[in-house]
**Student:** 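So that we are looking at the same thing, I have put the structure below in structure tokens.
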Amino acid sequence: MKWTAAKIKALKGERKIAMLTAYDALTASLVEDAGIPAVLVGDSLGMAVLGYETTLPVSMEEMLHHTAAVSRGITNALIIADMPFMSYQPSVALALENAGRFLKEARADAVKIEGGAFRAEMIESLVENGVPVLGHIGLTPQSVKEMGGYKVQGKTSEQARQLMDDAMAVEQAGAFALVLECVPAELGEMISNALAIPTIGIGAGAGCDGQVLVLTDLLGVSGKPAPKFVKKFATLHPLIAEALASYKTEVESGAFPSDEHQY
Ligand code: KIV
């Protein structure tokens, strides 16, 4: 069964939603084979695999290239393309044009954009024109420079009220679900209870309707410290390092290839 935005939305109250990022056909097929219904081609791509320090340099062309690769690895999961910095902020018209490119050129099923009430008109227009939208509020990494770093959001009652208003506005505008990033667990639960659409938390507590993590964080691939909200379900970095070191040793000693691996 092909997952659609409407089907993901209908999971609210039925079961918790597991979402993960993927950046290419290989990782996408691993995620889908695990039965995960929604794959986000996050602009975390920039930091997770492209070597950028923030998500800001990620371009439309890079996102299209990786979203198309993810699409080739997916049969049924919902494919959500993250619209990169300045591919939608300047105008609704640009957002429509670039969202259209994700659906037409890269076979995405939906797009994600960052921002709350001030994005309502844009979300409404995308949805009216046939583009399902995943909202994203709380810590919005494309605003890292304005926020002054990657910090927990919504800690004061005024900020929490603003985030609640933002969540309501994103729902009202027609988003099928909402990512809540780095907010106190209590606020994550309050927003989740107030909305009819599912919330997908990342550092937003167990009260959310679903969770999303960056695949390379979950697998422990990088060896770098991860934020508090990351649970490493595997620690692959030392295993990969050991395998690569053994390869080097065996090539240099002549132990590889042995009879078994030659014709
Ligand atoms: O870019 C990304 O991967 C994201 C998620 C972590 C929500 O925005």
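All ligand and atom numbering here is 1-based and tracks the order in the structure. In this chain, numbering begins with 1 at the start of the sequence shown.
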**Student:** For ligand 1, list all ligand N or O to protein N or O distances below 3.5 Å, rounded to 0.1 Å.
**Tutor:**
unit_1, atom_1, unit_2, atom_2, d
ligand 1, 1 (O), Asp43, N, 3.1
ligand 1, 1 (O), Asp43, OD1, 3.0
ligand 1, 1 (O), Ser44, N, 2.9
ligand 1, 1 (O), Ser44, OG, 3.3
ligand 1, 1 (O), Asp82, OD2, 3.1
ligand 1, 3 (O), Ser44, OG, 2.5
ligand 1, 8 (O), Lys112, NZ, 3.1

**Student:** Identify, with sequence neighbours excluded, every residue that meets side chain to side chain contact (heavy atoms under 4.5 Å, CB included) alongside Ala169.
**Tutor:**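 Here the qualifying residues are Ala117.
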
**Student:** Using atom types as modelled and distance alone, determine if a side-chain donor or acceptor of Glu62 lies under 3.5 Å from a backbone N or O of Ser59.
**Tutor:**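 Between the backbone of Ser59 and the side chain of Glu62 there is a qualifying donor-acceptor contact (under 3.5 Å).
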
**Student:** Check each of Gln142, Glu114, Glu97 against Tyr88 using the side-chain hydrogen bond (donor to acceptor under 3.5 Å, both in side chains) test, and report the only one that passes.
**Tutor:**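 With Tyr88 as partner, Gln142, Glu114, Glu97 yield a single side-chain hydrogen bond (donor to acceptor under 3.5 Å, both in side chains), made by Gln142.
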
**Student:** Do any side-chain atoms of residues 67-79 form donor-acceptor pairs under 3.5 angstrom with protein atoms, and if so which ones, sequence neighbours left out?
**Tutor:**
unit_1, atom_1, unit_2, atom_2, d
Thr67, OG1, Met63, O, 2.6
Ser71, OG, Thr67, O, 3.0
Ser71, OG, Ala106, O, 2.5

**Student:** Quick one about Tyr23 and Thr216 (side-chain donor to acceptor, distance below 3.5 Å, no hydrogens or angles considered), yes or no?
**Tutor:**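 There is no such pair between these side chains.
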
**Student:** Sorted by first residue and then second, give each ring pair (Phe, Tyr, Trp, His ring centres under 6.0 Å) pair with at least one member in residues 241-263; sequence neighbours left out.
**Tutor:**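 Passing the test, one end in residues 241-263: Phe256-His261.
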
